[in-house]
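Only one structure is covered here, and it is reproduced in the block below.
None of the values given here were measured: they were computed from a predicted structure.
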Amino acid sequence: MHYHATRSHASFPLLPRPTICQHQCLTSWRALEGRLRHLLHRAVAPSTSTTYRAGIQRYYAFCHALGINPLPGTKHSIYLFAAYLSQTLQANTIKVYLAAVSHLHLTHGFSSPAHNNPTLNLVIRGIQRSQGPAHLRPKRLPLTIGMLEHLLQLLEADPLSRHDILMLKAALTFGFFGFLRVSEYTLTTRGRFDPTLHPTKSDITWVKDGMHFFIKKSKTDQVGKGTTIAMGYTCRASCPVVALQAFFKVCKAPPGS
């Protein structure tokens with residue numbers, strides 16, 4: 001007796017035909033590729049992207065000098081790269097550069113040889129031990145208000161335009177009294193201004209006692225919830241409120257810039 005396998009139509013229901021809109025989405029391969037590149041680019045903050053670019057440039061130069069294929073890299077080549085960096089960089093910076101190499105691999109469709117790598121962790125530990133404890137290294141001294149006001153005096157004697165002098169005064173005092181990171185109140189990447197991410201004149205609100213500044217995004221606020229800080233008038237020559245008001249009088253840019 002012979003048995004013939006048959007398929008029941010009930011077991012394999014026909015899928016509904018895609019609508020025109022769905023068909024366009026499915027067939028727009030280039031648009032999806034562009035969207036994917038955009039999402040990968042937005043996965044890290046602009047300031048992190050700038051640091052990553054520096055690390056990736058060092059990695060490409062290293063691979064070129066030794067004749068190593070950068071993509072995909074091997075675990076051993078990553079160990080050598082870390083050893084190479086240890087000649088001129090601190091361990092924390094090396095970690096960031098290795099993260100940049102991991103990001104480079106992942107965005108190009110490769111597994112990262114630096115990810116979850118116990119041997120690489122040993123290399124980093126060896127670098128840390130060879131460089132000594134962080135508290136024994138020379139520390140960068142903080143900027144004092146006396147130093148700040150001395151800088152402001154030097155600016156007055158500088159042959160810059162009045163616009164640039166007032167701009168620098170506002171930037172120095174604003175960052176000092178607001179305890180701000182550079183990326184929170186300046187544009188760190190030239191030519192990539194985005195009013196939805198970067199500070200604009202409309203983010204300043206003048207109040208009776210000074211001003212409020214809305215920070216759209218920061219290192220500790222990657223999703224961009226935003227926060228507002230307040231700065232008041234001072235009785236010193238370094239008053240941030242007076243400095244910013246003076247700059248805005250000569251700055252002809254519209255509120256959204």
Side-chain angles (χ1 to χ4, degrees), residues 31 34-54 96 103 142-257:
R35 178 64 178 169
L36 175 60
R37 287 192 298 271
H38 171 74
L39 293 174
L40 289 173
H41 175 73
R42 292 296 300 271
V44 295
S47 57
T48 304
S49 296
T50 302
T51 306
Y52 276 11
R53 278 195 295 271
V96 175
H103 185 72
L143 178 68
T144 66
I145 194 166
M147 295 177 182
L148 173 64
E149 293 183 345
H150 181 61
L151 285 173
L152 298 178
Q153 291 176 355
L154 293 176
L155 280 175
E156 287 295 341
D158 198 284
L160 292 171
S161 67
R162 193 61 187 164
H163 175 280
D164 289 350
I165 290 175
L166 293 176
M167 177 186 66
L168 290 172
K169 280 187 171 184
L172 289 170
T173 56
F174 198 70
F176 181 86
F177 285 97
F179 294 93
L180 298 171
R181 296 181 177 89
V182 173
S183 60
E184 292 173 344
Y185 72 106
T186 64
L187 180 61
T188 56
T189 306
R190 186 176 180 181
R192 295 190 178 183
F193 175 73
D194 183 348
T196 64
L197 299 175
H198 300 123
T200 65
K201 292 175 71 175
S202 58
D203 294 324
I204 298 291
T205 303
W206 304 107
V207 294
K208 180 180 179 181
D209 298 326
M211 61 184 172
H212 293 166
F213 173 52
F214 179 69
I215 304 174
K216 296 188 178 82
K217 197 173 183 180
S218 68
K219 184 178 180 180
T220 55
D221 178 21
Q222 293 294 313
V223 297
K225 292 182 179 178
T227 188
T228 299
I229 63 171
M231 281 183 251
Y233 288 99
T234 69
C235 300
R236 307 184 67 102
S238 54
C239 177
V241 182
V242 173
L244 194 60
Q245 287 174 338
F247 174 59
F248 276 10
K249 286 181 181 179
V250 300
C251 180
K252 304 302 182 183
S257 60

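The environment of H150 atom NE2 is sparse: at most 12 non-hydrogen atoms of other residues, nucleotides or ligands sit within 6.0 angstrom.
Under the 4.0 Å criterion applied to side-chain N and carboxylate O atoms, E156 and K169 are assigned as salt-bridge partners.
In this structure, T205 OG1 and M211 CE are separated by 11.0 Å, a value rounded to the nearest 0.5 Å. For the atom pair L160 CG and L166 CG, the distance stands at 10.5 Å (nearest 0.5 Å). Taken from CG in L172 to CD in E149, the straight-line distance is 12.0 Å, to the nearest 0.5 Å. Put simply, CG on L155 and CD on Q153 are 10.0 Å apart, with the number rounded to the nearest 0.5 Å. The structure places CE of M147 at 10.0 Å from CZ of F176, a figure rounded to the nearest 0.5 Å. Note that the NE2 atom of H103 and the CZ atom of R53 stand 10.5 Å from one another [nearest 0.5 Å].
The nearest pair of heavy atoms linking C239 to Y233 is SG-CA, 3.8 Å. The heavy-atom pair separating F213 from L180 by the smallest distance is CE2-CD1, 4.2 Å. Of all the heavy atoms in H198 and K216, the pair that sits closest is O-NZ, 2.8 Å. A237 and L152 make their closest contact through O-CD1, 4.2 Å (heavy atoms, listed as atom of the first residue, atom of the second, distance). The shortest heavy-atom contact between V241 and M231 is CG2-O, 3.7 Å. For P240 against F177, the heavy-atom pair with the smallest separation is CD-CD1, 3.6 Å.
Side chain of Y185 to backbone of A171: a donor-acceptor contact under 3.5 angstrom is found. At least one donor-acceptor pair under 3.5 Å links the side chain of D203 to the backbone N or O of T200. In this structure a side-chain-to-backbone donor-acceptor pair under 3.5 Å is present from E184 to R181.
Using the six-membered ring where Trp is involved, F248 and W206 have ring planes that are perpendicular, over 60° apart on the 30 and 60° scheme.
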Verdict with supporting geometry, Y52 and V96, side-chain contact (heavy atoms from CB on, under 4.5 Å):
CA-CA 7 Å; Y52 276 11; V96 175; 4.3 Å; yes
Where do F174 and I204 land on the side-chain contact (heavy atoms from CB on, under 4.5 Å) test, with the steps shown first?
CA-CA 12 Å; F174 198 70; I204 298 291; 3.9 Å; yes
